[in-house]
Amino acid sequence: MRSPPGPRRPVPARLVAAAVLLSALAAGAAAGAAVAGDGYGRGRRLYMRNKVLEMFYHAYDNYITYAFPHDELKPLTKSFTDSLSELGNLNLEHLPNDYNGSALTLVESLSSLVVLGNLTEFERGVLWLSENLTFDVDARINLFECNIRLLGGLISGHILAKEHSSHLKDGPYQDQLLHLAENLGSRFLPAFETPTGLPYAWINLKYGVMENETTETSTSGCGSLILEMGALSRLTGDSRYEAAALRALRKLWSMRSSLNLVGTTLDVLTGKWIEYSSGIGAGVDSFYEYLIKAYVLFGSEEYWDMFHSAYLAVQKYHEADMRTGEATHWQLTSLQAFWPGLQTLLGDVAAANISHREFYNVWQRFGVLPERYLLNFGMLHPTEKYYPLRPEFAESTFYLYQATKDPWYLEVGEAIIGSLNYYTKVDGGFASVRDVSTMKLEDHQHSFFLSETCKYLFLLYDDSFLRNQNYIFTTEGHPLPIRSTWHEIIPTTHVPSNWTFSVGSPWESACHVPDVLPTHRCRTDDDCGVEAVSCRRRTCSMAGYCGLWLGVIW
């Protein structure tokens, strides 16, 4: 007879990311097992799965027909755009004359084809790229965009090709995508040759950093390179890629304020901030995402230490001046919608649910998620009313369903799929929305619609891809396997003295900051901490007690 189990002790928050990810997204997350327990219904799930398949292939087939091998599809005119040099290039400066595309959407679609189970088309894509793709082109590209889209797509495609090599019909895979990735990664390295180690935002694939190149970059631009470049080093044995990305990340973290906040833009030569606004939106978002995912993928305590401090700070101050903590904005943006997914990976599921519902409320109001919604005015931003088929809300919905198995998230997925088909599907693919107030469309189908939006929606209803392997997904939705050979030794679990966790939960809340006094008495708001479940800042009442008196939403 077994001895009765002892009292459960909460798990350290720094291990929650790995624990949640490896339990919720691993073998036990097989689609068949989920059907029986969530009350949603097998037939309904299959119907929605097939709806997403139809969406993906409507977008993919039109790209192949009208745009391939160029970068992206223009679905309204059934034509193409060679957009790699335009990504992040708001003023459309220094566009190349002889650049004819890098089959960007095909590269982005490789991992999705495997997730959807189409190894035949995946193999066709691998063979075409290995025979035709070259990066010896006179094209000025955004390092961040090229890293997450092309380099990430090639690395993930390579790993998946190795995993499925025995099922490929044209013979064993010969590492062709890895060779392309290494060639591309080597072209990134001159961007890091700065006094600070912070990379230039722009680099010419053929000639390196251009004369008089801008020295301004974003926090995401130099702090969201470690997954792809770290993976490239692990796969090739060449440490230069990971070393360059890590040096930049360490420098960026050293520039944080005394409040542990980072700004939005900076100068790569001087290492000085240009824009001091802190938050979780554009220009900063994937910085937080890559810290926690680098910890899961590579296991280094350094990534956890940086992430934990940054997470606590941004949960406390939300969108604020990094120097003073004074609020700058009160808004919801479509890029911020990744945050509930990050909170889910961390184990702050209750907080993630609250965040997710705020975004869903805005989605329901407009039918899609506008680029920027001003909460304090209850209105759209006058110049950012567009919706370019972004995936972040679908991504967070997928993560929350995996963590909770609550069928409500499957119903949210239905709403997303219904909106995309009703508002954005056209004869030539799926078009971006130029103005969510009128639903006027724009002639652009972004590659991330195939690499992320459709992938996360498919996985919401069919997660069989995750059945036998643990993955993390890059910010562009490309899966990277969690391998013991890539992982540093995780130190023995220890229990800190300030355990705080919600009743019945085995997880420590990573966002929790205790009140200064155990009696919860206070004189000012500075005496109050951050609540463990909702991750909201506690304030001091007129009676002198800390609590959630204001109910402020970020």
Side-chain angles (χ1 to χ4, degrees), residues 69-72 82-89 94 96 98-111 125-162 173-193 199-210 213 217 220-222 224-246 248 286 290 447-448 451 474-480:
H70 298 277
D71 286 333
E72 293 179 316
D82 289 319
S83 52
L84 184 62
S85 288
E86 299 173 6
L87 299 175
N89 190 356
H94 309 293
D98 300 321
Y99 174 67
N100 294 308
S102 299
L104 176 62
T105 297
L106 175 61
V107 175
E108 289 259 71
S109 299
L110 289 179
S111 61
V126 170
L127 291 176
W128 187 93
L129 292 168
S130 63
E131 294 171 358
N132 296 279
L133 185 59
T134 178
F135 297 116
D136 189 30
V137 291
D138 182 8
R140 176 181 179 265
I141 55 89
N142 182 275
L143 179 65
F144 168 76
E145 295 286 356
C146 199
N147 174 72
I148 64 173
R149 299 195 193 209
L150 275 182
L151 185 61
L154 291 170
I155 290 172
S156 182
H158 160 73
I159 293 171
L160 294 172
K162 296 285 282 188
Y173 171 69
Q174 300 293 328
D175 295 346
Q176 301 100 305
L177 297 184
L178 180 60
H179 298 321
L180 285 169
E182 189 169 17
N183 181 279
L184 179 59
S186 67
R187 297 172 187 273
F188 288 175
L189 292 178
F192 293 84
E193 295 174 3
Y200 283 94
W202 299 91
I203 190 166
N204 186 290
L205 288 176
K206 189 169 188 175
Y207 299 114
V209 178
M210 296 174 61
E213 183 59 85
T217 190
S220 291
C222 55
S224 308
L225 306 168
I226 191 63
L227 293 186
E228 293 83 0
M229 296 189 73
L232 183 58
S233 284
R234 306 300 170 107
L235 291 168
T236 62
D238 188 337
S239 63
R240 292 180 300 160
Y241 310 111
E242 185 171 3
L246 181 55
S286 54
Y290 270 38
S447 61
F448 54 67
S451 70
T474 69
T475 197
E476 197 70 8
H478 298 303
L480 298 175

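For reference, positions follow the sequence shown, starting with 1. Only this structure's heavy atoms are used, side chains among them; waters, hydrogens and symmetry mates stay out.
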Trainee: Can you find a heavy atom in the side chain of Asn147 that is under 4.5 Å from one in the side chain of Asn142?
Mentor: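 The answer is no; the side chains never approach within 4.5 Å.
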
Trainee: Look at the side chain of Ser130 and the backbone N and O of Val126, then say whether any donor-acceptor pair between them is shorter than 3.5 Å.
Mentor: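 Yes; judged by distance alone, with no hydrogens or angles, the pair exists.
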
Trainee: Heavy atoms, side chains only, cut-off 4.5 Å: are Gln176 and Leu129 in contact?
Mentor: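 Counting from C-beta outward, Gln176 and Leu129 never come under 4.5 Å.
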
Trainee: Would a distance-only check, ignoring hydrogens and angles, find a side-chain to backbone donor-acceptor pair under 3.5 Å from His70 to Asn100?
Mentor: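 The answer is yes, because a donor-acceptor pair under 3.5 Å joins these two groups.
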
Trainee: Is a donor from one side chain sitting under 3.5 angstrom from an acceptor on the other, for His478 and Glu108?
Mentor: yes

Trainee: Do side-chain atoms of Glu72 reach the backbone of Ser447 as a donor and acceptor pair under 3.5 angstrom?
Mentor: yes

Trainee: So does Gly101 get a backbone contact from the side chain of Asp71, meaning a donor-acceptor N/O pair under 3.5 Å?
Mentor: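 Judged by distance alone, no pair lies under 3.5 Å.
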
Trainee: Could you tell me which non-hydrogen atom of Leu480 sits nearest to which non-hydrogen atom of Ile155, and how far apart they are?
Mentor: CD2-CG2, 4.0 Å

Trainee: State, yes or no, whether a side-chain contact exists between Leu110 and Leu177 at a heavy-atom distance under 4.5 Å.
Mentor: yes

Trainee: Which heavy atom of Leu143 sits nearest to which heavy atom of Pro199, and what is that distance?
Mentor: CD2-CB, 3.6 Å

Trainee: Can you check whether Met210's main-chain N or O pairs, donor with acceptor, with Asn204's side chain at less than 3.5 Å?
Mentor: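 No; zero donor-acceptor contacts below 3.5 Å.
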
Trainee: Measure from the side-chain N and O atoms of Ser451 to the backbone N and O of Glu476, and report whether any donor-acceptor pair falls under 3.5 Å.
Mentor: yes

Trainee: Of all heavy-atom pairs between Leu180 and Phe135, which one has the smallest distance, and what is that distance?
Mentor: O-CE1, 3.6 Å

Trainee: Could you tell me which non-hydrogen atom of Thr475 sits nearest to which non-hydrogen atom of Ser286, and how far apart they are?
Mentor: OG1-CB, 3.8 Å

Trainee: Tyr241 and side-chain contact (heavy atoms from CB on, under 4.5 Å): which single residue from Leu189, Leu246, Ile226, Leu225 fits?
Mentor: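 Of the listed residues Leu189, Leu246, Ile226, Leu225, the side-chain contact (heavy atoms from CB on, under 4.5 Å) partner of Tyr241 is Leu189.
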
Trainee: Backbone N or O of Trp128 within a donor-acceptor pair of the Asn132 side chain at under 3.5 Å?
Mentor: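 Indeed, once roles are kept as given, a pair shorter than 3.5 Å links the two residues.
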
Trainee: Carefully, step by step, assess Trp202 and Ile141 under the rule side-chain contact (heavy atoms from CB on, under 4.5 Å).
Mentor: CA-CA 6 Å; Trp202 299 91; Ile141 55 89; 5.6 Å; no

